[in-house]
Amino acid sequence: MVYDQRSALSCFISDLLSKGRTVFVAGEAEESLGINRGAFLDAAERLQKRKLLLSPRRGFYVAVPPQFATWGSPPPSWYINDLMRHEDAPYYVALLKAAAMHGATHQAVMEFQVITDKRIPKIRAGRNNIHFYYRKDMSAISQGLEKRKTDTGSMHISTPALTALDLLRYPQASAGIDHIATILFDLGHEINPKSLAMLSTRFERPVVQRLGYLLDYLGHGSYADRMHVVSRKQGVPPWIELDRNQVRDCDFMVEPILRDQRWRVVIRRMPEIDE
């Protein structure tokens, strides 16, 4: 009987793929096959062991097309929109992944990075890692999103302006100030100054200051002029460090080499660009 259930689920998945679909929920398969939850889970577990099926979240399944058998999963872009709909959470593809999609391709992106208002643990999907970063007020940055077509539909990604701000807001996801500077060197000319100024009001002032300084340093200062005007309407900001990691250990802290008056940023080491 187990063999029949497994074969039935295999046929269900094959039919799904023939229709251009890769995802389904447990209830859909159970209803289609006329089996209970226990029988479905047994059959699904066997297919997962054979790397024909993936379950990134409880009750949500991704069929693995033959061309991705060695990877153990299709690209996350194929199912991220369905996955986040299943989670009932707003989202957008962000940070290094979004930057790469906008043309900043100095280094390979090892993570598929997503920002959402739900705390979701990292997902290992075959060879892919999906990392989730938290933002409470997703509606505040909705104007910084765009829809990007994928092989199976579409997904939301951050615009270049929102991507630039996020890189400074989530430095732990961006591989350090040098890597951020390298990405911004590529990404800067794609930024819409008006959008950047508007979105900057939804971010902490230190994020705006650090981004503004880096855009100036990289020769993209004109893109940050409107953002600077908007920022100064809130008054003169306090001085901040460009790289907080450089002042966490007093034994290794070096003297500042520059104090940027425009953005009120303290620089102890100039960012290095990987060209």
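Residue numbers run from 1 in the order of the sequence given.
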Answer whether the closest heavy-atom distance between the side chains of Y213 and R264 falls below 4.5 Å. no
Tell me whether M138 shares a hydrophobic cluster with I80, the cluster being built from Ile, Leu, Val, Met, Phe, Trp, Tyr side chains joined at under 4.5 Å. no
Tightest non-hydrogen contact, residues I123 and P56, listed as CD1-O, 3.6 Å
Is a side-chain donor or acceptor of R210 paired with a backbone partner of E241 at a separation under 3.5 angstrom?
-> yes
Rounded to the nearest 0.5 Å, the OG1 atom of T22 sits from the CD1 atom of I13 at a distance of 11.0 Å
Worksheet item: Can you get from L52 to L33 by hopping between Ile, Leu, Val, Met, Phe, Trp and Tyr side chains that sit under 4.5 Å apart?
Response: yes
Q) Could R268 and E255 be called an ion pair, given the rule that one side-chain N must be under 4.0 Å from one carboxylate O? A) no
Margin query: For Y133 and H131, take the angle between the two ring planes, folded into 0 to 90°, and tell me which bin it lands in: parallel under 30, tilted 30 to 60, perpendicular over 60.
Written below: parallel
Here the gap from E190 atom CD to D186 atom CG, rounded to the nearest 0.5 Å, amounts to 9.5 Å
* E31 CD: over 12 foreign heavy atoms closer than 6.0 Å -> no
Find out if a path of hydrophobic residues (ILVMFWY) with successive side-chain heavy-atom gaps under 4.5 Å connects I177 to M270.
-> yes
Can a donor-acceptor pair be found, under 3.5 Å and without considering hydrogens, that links the side chain of R148 to the backbone of I157?
no
Q.
Can a donor-acceptor pair be found, under 3.5 Å and without considering hydrogens, that links the side chain of S195 to the backbone of N192?
A. no
_What I'd like to find out is whether the side chain of I130 reaches to under 4.5 Å of the side chain of V114, using heavy atoms alone._
yes
Under a 4.0 Å threshold between the charged nitrogen and the carboxylate oxygen, would D15 count as salt-bridged to R21? no
Around R58, counting heavy atoms of other residues, nucleotides and ligands shown, do more than 12 lie under 6.0 Å from its CZ? no
Exercise for review: Would you tell me whether T163 and S158 have side-chain atoms, one donor and one acceptor, within less than 3.5 Å of each other?
Suggested key: yes
Rounding to 0.5 Å, atoms CG (L215) and NE2 (H220) come to a distance of 7.0 Å
Can you list the steps and then say if M84 with H156 is a side chain to side chain contact (heavy atoms under 4.5 Å, CB included)?
CA-CA 11 Å; M84 299 311 292; H156 303 295; over 6 Å; no
Quiz item: Should the heavy atoms of other residues, nucleotides or ligands under 6.0 Å from CD of E204 be counted, would the total exceed 12?
Solution: yes
All heavy atoms of V64 vs all of G72, minimum pair found to be CG2-O, 3.7 Å
Show the numbers, then the answer: is there a side chain to side chain contact (heavy atoms under 4.5 Å, CB included) between R259 and W239?
CA-CA 9 Å; R259 291 179 179 270; W239 286 93; 3.7 Å; yes
Quick check against the 3.5 Å criterion: does H179 have a side-chain atom that pairs as donor or acceptor with the backbone of S174?
yes
One should read off an interatomic distance between D260 CG and L242 CG, to the nearest 0.5 angstrom, of 9.5 Å
When every non-hydrogen atom of I191 is compared with those of P193, the smallest separation belongs to O-CD, 3.4 Å
Going by the angle between their ring planes, with limits at 30° and 60°, are F24 and Y61 parallel, tilted or perpendicular?
-> parallel
- prompt: Do the side chains of D82 and M155 get nearer than 4.5 Å, heavy atoms only?
  reply: no
Using a strict 4.0 Å threshold on nitrogen-to-oxygen distance, state whether K97 and E111 make a salt bridge. no
_Tell me whether R205 contacts the main-chain N or O of S231 through its side chain, where contact means a donor paired with an acceptor under 3.5 Å._
yes
Do the side chain of D137 and the main chain of A140 share a donor and acceptor less than 3.5 angstrom apart? no
Below 4.5 Å, heavy atoms only, C-beta onward: do D151 and S77 meet side chain to side chain? no
Check your understanding: Can you find a side-chain donor-acceptor pair between Y91 and N81 that sits under 3.5 Å?
Key -> yes
Requested in this report: Would you kindly confirm whether L167 and F132 end up in one hydrophobic cluster when ILVMFWY residues are joined by side chain heavy atoms under 4.5 Å apart?
Outcome: no
With side chains defined as the heavy atoms from C-beta onward, is the minimum distance between Y170 and I115 less than 4.5 Å? yes
Run R135 and I141 through side chain to side chain contact (heavy atoms under 4.5 Å, CB included) and show every step you take. CA-CA 10 Å; R135 182 179 182 115; I141 46 79; 3.7 Å; yes
If we count only N and O atoms by modelled type, under 3.5 Å, do the side chains of D166 and Y92 hold a donor and an acceptor together? yes
| Side chains of Y217 and P271: does their closest heavy-atom pair fall under 4.5 Å? | yes
Heavy atoms of P75 and N128 approach each other most closely as CA-ND2, 4.3 Å
Less than 4.5 Å apart, side chain to side chain, heavy atoms only: is that true for L214 and L168? yes
Rounded to the nearest 0.5 angstrom, the CZ-CD1 distance for F40 and I35 is 7.0 Å
Might you confirm whether atom NZ of K118 has over 12 heavy atoms from other residues, nucleotides or ligands at distances under 6.0 Å?
yes
Counting distance only, does the side-chain N/O of T116 pair as donor-acceptor with the main-chain N or O of P90 below 3.5 Å?
-> yes
Determine whether L162 and F203 make a side-chain contact, defined as any pair of heavy atoms from C-beta on separated by less than 4.5 Å. yes
- Message: Let's go through L211 and L184 carefully: what are the C-alpha distance in whole Å and the side-chain angles of both, what is the deciding distance for side chain to side chain contact (heavy atoms under 4.5 Å, CB included) to 0.1 Å, and is it a yes or a no?
- Response: CA-CA 9 Å; L211 175 59; L184 290 174; 3.7 Å; yes
>> Checking the side chain of D178 only, and the main-chain atoms of E272 only, is there a donor and an acceptor separated by less than 3.5 Å?
In response: yes
Closest non-hydrogen atoms of P65 and A63, given as atom of the first, atom of the second and distance, are CD-O, 3.2 Å
Residues at least two apart in sequence or cross-chain that pass ring pair (Phe, Tyr, Trp, His ring centres under 6.0 Å) with F112, listed by chain then number, are none
For W263 and G212, indicate whether the former's side chain and the latter's backbone hold a donor-acceptor pair under 3.5 Å.
yes
Taken to the nearest 0.5 Å, the spacing of M227 CE from Q209 CD works out to 9.5 Å
Closest non-hydrogen atoms of A173 and L95, given as atom of the first, atom of the second and distance, are CB-CD1, 3.8 Å
* Are M101 and L145 co-members of a hydrophobic cluster defined by side-chain heavy atoms under 4.5 Å apart? -> no
Worksheet item: Is there a donor-acceptor contact under 3.5 Å from the side chain of Q48 to the main chain of L53?
Response: no
(request) Anything under 30° is parallel, anything over 60° is perpendicular, the rest tilted; go ahead and classify H86 against F60. (result) tilted
